[in-house]
Number of protein chains: 2
Amino acid sequence: MNPQGRTISRRAVLSALAVLPTVSSPFFPVAAPAQAAAPDDPLPSWNEGPARQAITTFVKETTDQASPKFVPVAERIATFDQDGTLWVEHPIYSQVVYCLDRVPAVVAKRPELKAVEPFKTVLSGNREAIAKLSLRDLEKILFATLSGMSVTQFQAEAQKWLETAKHPRWNRPYTDLTYQPMLEVLHYLRDNGFKTYIVTGGGQDFVRIYSEKVYGIPPEQVVGTAGATKYGYGHDGKPLLTKEPKLVLNDDNAGKPEGIHLMIGRRPYAAFGNSTGDREMLEYTSAGDGARLAMIVLHDDAQREYAYGPTQGLPATKVGTFTQELYDEAKQKSWTIISMKKDWRRIFAFEQ
Amino acid sequence: MNPQGRTISRRAVLSALAVLPTVSSPFFPVAAPAQAAAPDDPLPSWNEGPARQAITTFVKETTDQASPKFVPVAERIATFDQDGTLWVEHPIYSQVVYCLDRVPAVVAKRPELKAVEPFKTVLSGNREAIAKLSLRDLEKILFATLSGMSVTQFQAEAQKWLETAKHPRWNRPYTDLTYQPMLEVLHYLRDNGFKTYIVTGGGQDFVRIYSEKVYGIPPEQVVGTAGATKYGYGHDGKPLLTKEPKLVLNDDNAGKPEGIHLMIGRRPYAAFGNSTGDREMLEYTSAGDGARLAMIVLHDDAQREYAYGPTQGLPATKVGTFTQELYDEAKQKSWTIISMKKDWRRIFAFEQ
């Protein structure tokens, strides 16, 4: 558990870090062949198929006043996991990269940490050693880098990082690596009266910095792992909120429906995820009355993005764990699997 | 501290309970003389004066694109305390009455509590004895009555209570006792692109039940004192959220700006309160750049509602404590005091 940080299982963290050294060379994928979409098509990056069909049918059923499954506008809530559902999560969650990158600045202010583990290892730049850090070490790093400053300072620092940091594979800012088909779903749902929310295991304060610009989702519609803040007064006597190393909401797994209740207070009609961390949110959403849409993104496209998950023959120990068990539950409950390879005509906006 | 319950200082609780026996006879106030308002006046229940002027000036300055204080629609956030700001809080917070009323039902399910204090005293119906219960006793009652059931059960039970319980003075449902001038402010701000939020020390789950119907504020825009919920599965295997006796957000005093950061993530441009519990929210709001509106309702109308606060010559130990210190800070920071007596042409919608 960590403040504002990613809620990460030991397996996920270690395997994420372990993946780091293997992906350092930029690689530009070949875009999938573009097909002309109808000019009024709200989902031009989606191929015809059951996933696209599930989305458009759901919208028709919930917004047609004559439909027995009509949902009043006020109740139209749709929730989206972020990492691996709205943007790339491999080889490692961007916020974890942010925390590692922040270590030198933290040590500059607190030089006594320079010779102390795990800060010493991070400062060494030795990727193999960094990859071997324990979950407890990583928690120390997250606490040190995500708390102790004012909310405003944090926002300014994270904003600066987001503008300069680049993903090793595409050599582009992380905020470029959002999935174009999912951006279209967000727009399509909003155009049909849905309020779209991000419900992420990632840090709420972190995601809120760019959510409006990148996804069109305002900060108040971002539910994430959240640390406490403490109200106080600065040297100038003005009020300020300081980020504390204390967890208020662990927004992953069961914490997702709990966070939805805390922050929204209504059960969603649609939910999108990609890993076991989204399981309870998908269960909670699909257990409601009437039309409910539960969808899981399957990463099965190593060429254009990554391939991991139950049908990929890969061990379920990576970032964004999509286990066989979750796959079976999805099939049993008629949730819809989105195949990146088959369902998405293109993945990123920068692909033409 | 209590789950979902009112965050109450010892003084406030004890004095609130102490007031109980004195207000049992219904009393219908004489409405203030009605004056004809202009047909397009958004604030017909407000008399001309500095309070009304502060509101209309603020709206003009923040919504006129040519104004140096113009605020983009996305950033237009206004927060309202509830008890004593949007509806009557005397002689005792309605949610505390709800908890006391719920005791027989809780004891019916857990008969072992019948002979145990404080439940025994509450069941006796002896108002003087109930008024003498300690804060610790009251916490036991709040924990017992506000947790242990599913969120859905709680909503159904509280809804039923709200439909039947009546305020002793007006003999009307509590939800009738909202202040008409404040309802007009809510509408006026929303008509001008503001998102209106309730930020209450009261229970978030409780207020969300009626907020949309009574104030036009959807549940996701209610920030309140919140307990944890626990995700699990019912006998039918369906997911459910159970209310836990554990506090997640103590949304009073410093907890208000902290709660605003957690749940909204933006600093409000306007905030309305009536007590020391709102002080930090008002400070946080008014410390922002540009046009900021901070207003405090002063209860100075014993005939039409109640009179309590620094200018009333009453000790500052009642529900909704408005101390001389807060009054002085308000004057020093140019917050606007709303005099119920002078500024409000009428108080309740049921007055003609």
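The figures here come from the full heavy-atom set of this structure, side chains too, leaving out hydrogens, waters and symmetry mates. Letters A, B, ... are given to chains in the order of the sequence lines, protein chains preceding strands, and every chain is numbered from 1.
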Residues B:E258, A:K230: salt bridge by 4.0 Å N-O rule: no
Count the heavy atoms belonging to other residues, nucleotides or ligands that lie under 6.0 Å from [atom1] of [X], then report whether that count exceeds 12.
| X | atom1 | result |
| --- | --- | --- |
| A:Q159 | CD | yes |
| A:K238 | NZ | no |
| A:D289 | CG | no |

Relative to chain A, which segment of [X] carries a heavy atom at a distance below 4.5 Å: side chain, backbone, both, or neither?
| X | answer |
| --- | --- |
| B:V248 | both |
| B:K195 | side chain |
| B:L262 | both |

Test item: B:E220 and A:R266 side chains (from C-beta on) under 4.5 Å apart, heavy atoms: yes
Nearest-0.5 Å distance, NZ of residue A:K243 to NE2 of residue B:H261: 5.5 Å
Interatomic distance, B:I264 atom CD1 to A:R208 atom CZ [nearest 0.5 angstrom]: 9.0 Å
Contact leader toward chain B among A:A254, A:P257, A:A74, A:G224, where contacts are heavy-atom pairs under 4.5 Å: A:P257
Atom of A:E283, atom of B:P239 and distance for their closest heavy-atom approach: O-CG, 3.7 Å
Exam field: side chain B:E280 to backbone A:Y231, donor-acceptor pair closer than 3.5 Å: no
For B:F70, all residues meeting ring-ring contact (aromatic ring centres under 6.0 Å, His included), sequence neighbours excluded: none
Side chain, backbone, both or neither of A:L240 within contact of chain B (heavy atoms, under 4.5 Å): neither
